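A short write-up of the structure that comes next.
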Amino acid sequence: MSPTQTTASAADAADAAGAPDKSRPADRSGTVRKGLTLLELLANYPHGATAGQIVADSGYAFSTCYRLLTTLVDSGFAEFDAATKQYRLGLLVFQMGQKVATARGYSGVALPILRKLTEATGESSLLAILDGDRFLTVHTVDGPNHRITTDPGDRGELHTSSLGRALLAFSPQETRDELVATIDLGQRTDRSLTDRDDLRRILEETRARGWASQDQEHDDGMCAVAVPVMTPGGPLVAALALAAPVYRCDLAGLEEHLPLLNDAAAQLASQLPQRP
């Protein structure tokens, strides 16, 4: 057996026994990161996931996952259903999320504005913020005739969505350039953009005209337009979009609602709390 295999075996044995691994320095921050990773993975299973599913998704040893999941349950960040043997996020996460939403004005300020926008246009409205290399959906209001597939808390691709393109186009140039150069340009539909030069061109067009669009590039059968939510001083806060199934409203039809969309974005920009 090689020295590397011996070290790995010792680490696995220590992990299985729940004892510190003396072959490497204690990494408490690493443990915290692993626990946070499990929280993120649990968020992908709103109805629950087994320990085996979390092990497969995380790549961590079963003993590590089991120990961390037990800690999350004990602290209220997760719940365990003994009947189904599944774990899911706990109400403490919801409580914390509500506090963040309230502090940033997403609940008290944003939701009424989105509701009025949907009532005026008859189409679904969505609010999202930039979250690393994805957009994070903050609020959605479904139109009267269609339920959109994105829910608050969902993250999505920047290059194929109108929300993502608006966030990219109006982010600071340094942020925009880095993201355009590094994000994965995966193909979601047959119409999805997958070329970086094409993405740069589209973002330039978006900045010039002040709004972004996508036509069945993010989801088959769906189109959308989006505008940036900019504070009076100019910093980007979020992106606001209208989305509709193409069988009822095509892209040209959504573009007719741009004045209302811009008005709603201006209201959000003036009423959302300013972040330091």
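The structure displayed is predicted, hence computed values, not measured ones.
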Q) Roughly how far, to the nearest 0.5 Å, is CG of Leu163 from CG of Leu240? A) 8.0 Å
**Q.** Distance (rounded to the nearest 0.5 Å) between Asp195 CG and Arg200 CZ
**A.** 8.5 Å
Q | NZ/NE/NH1/NH2 to OD/OE distance under 4.0 Å, Arg201 and Glu205 | A | yes
Q.
Could you walk me through whether Val141 and Leu126 satisfy the side chain to side chain contact (heavy atoms under 4.5 Å, CB included) test, starting with their C-alpha distance in whole Å, then the side-chain angles of each, then the deciding distance to 0.1 Å, before giving a yes or no?
A. CA-CA 7 Å; Val141 175; Leu126 308 89; over 6 Å; no
(Q) Would you say that Leu254 contacts Glu123 through its side chain, given a criterion of any heavy-atom pair below 4.5 Å between the two side chains? (A) yes
Q.
Do Val246 and Met222 sit in one hydrophobic cluster, given that two such residues count as connected whenever their side-chain heavy atoms are within less than 4.5 Å of each other, even indirectly?
A. no
Q.
Quick check on side-chain contact (heavy atoms from CB on, under 4.5 Å): which of Val225, Asn262, Leu261 does Trp211 satisfy it with?
A. Val225
Q) If you measure from CG on Leu203 to NE2 on His159, what distance do you get to the nearest 0.5 Å? A) 11.5 Å
Q) Checking Ser125 side chain against Leu114 main chain: does a donor-acceptor pair fall under 3.5 Å? A) yes
**Q.** Neighbour count above 12 (heavy atom, 6.0 Å) for Asp190 CG
**A.** no
Q: Might you work through the side chain to side chain contact (heavy atoms under 4.5 Å, CB included) test for Leu199 and Ile183, ending with a clear yes or no?
A: CA-CA 11 Å; Leu199 178 58; Ile183 59 175; 4.2 Å; yes
Q: Could you tell me whether Glu217 and Arg191 make a salt bridge, using a distance below 4.0 angstrom between a side-chain N and a carboxylate O?
A: no
(Q) Run His218 and Ser161 through side-chain hydrogen bond (donor to acceptor under 3.5 Å, both in side chains) and show every step you take. (A) CA-CA 5 Å; His218 194 67; Ser161 62; 4.6 Å; no
Q. If you draw a 6.0 Å radius around CD in Glu178, do more than 12 non-hydrogen atoms from other residues or ligands fall strictly inside?
A. no
Q. Taking it one step at a time, do Ser58 and Leu41 satisfy side chain to side chain contact (heavy atoms under 4.5 Å, CB included)?
A. CA-CA 8 Å; Ser58 67; Leu41 292 176; 3.6 Å; yes
**Q.** Thr189 side-chain N/O to Gln216 backbone N/O, donor-acceptor pair under 3.5 Å
**A.** yes
(Q) Can you tell me if Phe80 has over 12 outside heavy atoms packed within less than 6.0 Å of its CZ? (A) yes
Q) Are Asp131 and Arg134 within salt-bridge range, i.e. N to O under 4.0 Å? A) no
Q. What's the spacing between Phe135 CZ and Leu168 CG if we round to 0.5 Å?
A. 11.0 Å
Q: For residues Val73 and Glu79, determine if any side-chain heavy atom of one lies less than 4.5 Å from a side-chain heavy atom of the other.
A: no
Q. If you measure from CG on Leu72 to CZ on Arg88, what distance do you get to the nearest 0.5 Å?
A. 15.0 Å
Q. With distance as the sole test, does Thr118 use its side chain to make a donor-acceptor pair with the main-chain N or O of Arg115 at under 3.5 Å?
A. no
**Q.** Distance (rounded to the nearest 0.5 Å) between Gln187 CD and Glu157 CD
**A.** 12.0 Å
Q | Residue of the set Val237, Leu236, Leu167 for which side-chain contact (heavy atoms from CB on, under 4.5 Å) holds with Val229 | A | Val237
**Q.** Step-by-step side-chain hydrogen bond (donor to acceptor under 3.5 Å, both in side chains) determination, Tyr45 to Asp57
**A.** CA-CA 11 Å; Tyr45 297 94; Asp57 289 355; 2.6 Å; yes
